[in-house]
Amino acid sequence: MFSLQNIIRPHILTLTPYASARDEYTGKEGIFLDANENPFGAVITGNYNRYPDPYQAEIKEKLAVIKGVRPSQIFLGNGSDEAIDLLIRATCEPKEDNIITMPPTYGMYKVCADIQNTPVVQVSLTPDFQIQVDKVLAAVNVHTKLIWVCSPNNPSGNLAKRESVIQLLENFKTGLVIVDEAYIDFTEQESFTKLLDNYPNLVVLQTFSKAWGLAALRFGMAFASEDLIKILNKIKYPYNLNAVTQALILEALDNEEKKNNYVKEILKARANLINLLGDLSIVKHIYPTDSNQLLVKFDDAKAIFKYLIDRKIITRDRSNVQLCEGCIRISIGTDAENSTLVEALKGY
Ligand SMILES: *Cc1c(COP(=O)(O)O)cnc(C)c1O
């Protein structure tokens with residue numbers, strides 16, 4: 001019943017991608033006179049004069065082992081934001097096809113859709129930030145190509161019920177269900193990547209920007225069927241991951257233990273912060289979180305946000321966001337940063 005042929009835009013299915021010099025000869029040894037590079041070297045120290053591997057084969061080999069998927073099920077991008085943009089461009093005819101998002105959620109799904117004139121159908125989460133499965137499925141029409149699930153969600157921080165996501169995967173076969181797991185490292189929940197072989201309509205996004213501490217390198221991942229990954233590879237910029245990022249990510253992949261230790265530290269700091277904030281009378285509610293962000297309801301969020309800015313403590317004002325009225329989103333800092341925040345709030 002599921003057919004990628006009906007989901008990808010027809011001209012993308014037949015598109016001939018750019019063939020780079022490194023596509024036509026993939027060996028590593030030789031005298032390279034094929035890509036108009038500078039043969040002498042770079043103007044700074046380091047081997048930067050050659051174009052990087054457009055398929056990032058080495059990273060995918062290593063990553064596949066860590067993630068329990070096949071290398072052919074991995075797309076790598078300039079942040080997971082690149083995958084978000086490409087998924088919309090691969091599937092949605094502008095002004096014709098639509099996507100479904102569930103606010104309050106990550107802003108890039110709508111921005112990327114807006115850029116290419118793709119209508120966004122919004123079906124809000126419940127007040128405790130869970131998916132309204134029946135309403136989402138009722139909002140699907142013949143032009144719906146993508147349903148965006150963010151779990152753990154940004155800005156609320158909580159996991160979606162696993163069963164709700166499964167229901168979407170079971171009942172939406174005329175498009176793709178994308179599960180954005182940017183914060184999965186902070187949870188014990190099993191990644192949806194484990195279900196890739198069961199659901200050809202499933203795409204999972206992850207990133208090295210949060211738990212791995214590598215936001216500056218711009219490295220994100222999409223996991224999906226081999227056929228869909230081929231489409232994404234066909235439409236990405238040939239050299240979308242630069243050589244510096246590729247080299248440093250290869251190094252990072254040998255340091256997963258360090259990431260896990262950071263996660264433990266962040267979770268400890270989170271528990272401390274929740275305790276300290278719970279004692280403050282200006283705090284009206286702390287929403288349950290499965291990530292490194294805390295959505296906190298205050299008496300007067302806007303004033304408190306400004307008060308904190310004046311003290312050089314930068315949080316995210318979410319008080320204008322649907323279902324987040326009166327709320328500030330706080331990223332978990334170090335214990336020292338968190339207690340500076342709490343001391344400041346005590347003085348409000
Ligand atoms: C931070 C974030 C991202 C961005 O990831 P990059 O890999 O840095 O582009 C994606 N999705 C969600 C939900 C996020 O919060």
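Numbering of ligands and ligand atoms starts at 1, following listing order.
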| query | Between Lys259 and Asp185, is there a side-chain N and carboxylate O pair less than 4.0 Å apart? | reply | yes
| query | Among side-chain atoms of Gln189 and Asp290, is any donor-acceptor pair under 3.5 angstrom? | reply | no
| said: Please determine whether the number of non-hydrogen atoms from other residues, nucleotides or ligands lying under 6.0 Å from atom NZ of Lys161 exceeds 12. | reply: no
| query | Around ligand 1, what residues show up once you keep those with a heavy atom under 4.0 Å from it? | reply | Gly79, Ser80, Asp81, Tyr106, Cys150, Asn154, Asp180, Ala182, Tyr183, Thr207, Ser209, Lys210, Arg218
| task | Provide the closest heavy-atom pair for Leu125 versus Gln132 in the form atom of the first, atom of the second, distance. | result | O-NE2, 4.0 Å
| Ion pair Asp97/Arg9, N-O distance below 4.0 Å | no
| query | Relative to Phe192, does Arg162 satisfy both conditions: NZ or CZ under 6.0 angstrom from the six-membered ring centre, and within 45 degrees of the ring's axis? | reply | yes
